[in-house]
Amino acid sequence: MIFLDAAATTPVRREVLAAMWPHLSGEFGNPSSHHSLGEAAAAALADARAAAARVLGCRPGEVVFTSGGTEADNLAVKGIALARRAADPRLDRVAISAVEHPAVTESARYLERVHGFAVDVIPVDRHGQVTEDAIAAALRPETAVVSVMYANNEVGTVQPVARLAGLAAAAGVPLHTDAVQAAGWLPLDAKALGVAALSVSGHKLGAPKGCGALVVRGRTRLEPLVHGGGQERGRRSGTGNVAAAVALATALTLAAQDQAGRAARVAALRDGFIAAVLEGVPGAVLTGHPAERLPSVASFCFPGTSGESVLLELERRGVVCSSGSACAAGSDEPSPVLVALGIPAAVAQTAVRFSFDAAITAAELDQAAAAVRGAVGSVRSLGA
Ligand code: PLP
């Protein structure tokens, strides 16, 4: 079986499991307890926070550990919008790009539905990028927060986040970026990117599902969404999950080692795979940006097929991948991301995403490209 669905999730790395284990067994203290077990847990949590901060380009106090990318995105969009509007009632708009993950779009829709915010959707070009003109048009004096993801989970397009964050900062609007897919492939330095907030998730990087973090920089106001004992400096209550924090910090640290070299190696393999698919499958269309894309993602539409049938045929041939976002799997609706890129709905239904981890080899991708040729050919001949 060739696993080409690493953008959906990854297995837990051995080193991550080893780093977590003591905190799930002997060192099981509650980091809020004042005895020695609790203090050991608090020290481990502080070390994890410091290690995560080193990779994320922020101060340890700016890291809020969460239950994953979804919670980090919710906390950023809702937490910043609600806090800023509480301080200034004129700030009643939020802006999001047209290609955000549902964790961002649904947070914005919640603000609209329940709290009366207006939502501005920033269009993308045909490659999925937000242009400087497009963000400038969306940044209004009433905008409380703007959210533009670092890299897209369906087509892999990378946004010019530093430039967009600069424009947002000049307009006085904090920019949040969902860096869940970028983590491990692109530099994650929140300060260098100039963003106000940045989300990451552990399970895309070899940590378990259910751990993540939101970086909230400097004086960015944040209304907590989970209330209770005031953990995470009051920004996210709940007993600190030390093992999860250690796992995330370990995975981030490992992923930061030789990040550029790994990205270059996998990008070269990705380009070979893209060329082989485009050459071998008549009519195949690469979706997303041809160059500004994650090293780990190759995404296509295969007109004349259905994405779901191609996936089944691929699995029969030993290749596991997905039609796009795992969150949208099984939905009959065309992907809003592909529609935002201007791809007709009927073509968007034929999308297939291949996503790689760092261990991918040229031989596996050669085999996968042959499987794609066979699978698409077989679906088309059955449909004819
Ligand atoms: N944002 C993006 C871009 C993602 O790809 C995902 C996961 O699929 C998430 C957010 C949600 O992260 P999690 O699965 O940790 O809740």
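Remember, it's 1-based here, ligands and their atoms both numbered in the order they're listed.
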Part of [X] with heavy atoms under 4.0 Å of ligand 1, whether side chain, backbone, both or neither:
X      : value
Thr70  : both
Met149 : side chain
Val104 : neither

Winner among His203, Lys209, Glu100, Gln181 once heavy atoms are compared against atom 5 (O) of ligand 1: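 The residue whose heavy atom sits nearest atom 5 (O) of ligand 1 is Gln181.
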For the student: nearest non-hydrogen atoms of His176 and Ala76, plus distance: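 Closest approach of His176 to Ala76: CD2-CB, 3.3 Å.
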Please determine whether a side-chain nitrogen of the Lys or Arg among [X] and [Y] lies less than 4.0 Å from a carboxylate oxygen of the Asp or Glu.
X      : Y      : answer
Arg109 : Glu106 : no
Glu223 : Arg235 : no
Asp189 : Lys191 : no

Phe356/Phe354 under ring pair (Phe, Tyr, Trp, His ring centres under 6.0 Å): CA gap, chis, key distance, verdict: CA-CA 7 Å; Phe356 324 127; Phe354 304 89; 7.6 Å; no
Contact (N/O only, under 3.5 Å) between Gly69 and ligand 1: yes
Contacting atoms of ligand 1, where contact means under 4.0 angstrom from a heavy atom of Gly68: 15 (O)
Asp73 neighbourhood, listing ligand 1 atoms whose heavy-atom distance to it stays under 4.0 Å: 1 (N), 10 (C)
Min heavy-atom dist Lys204 to ligand 1 below 4.0 Å: yes
Stacked cation flag Arg85 on Phe117, 6.0 angstrom / 45 deg: yes
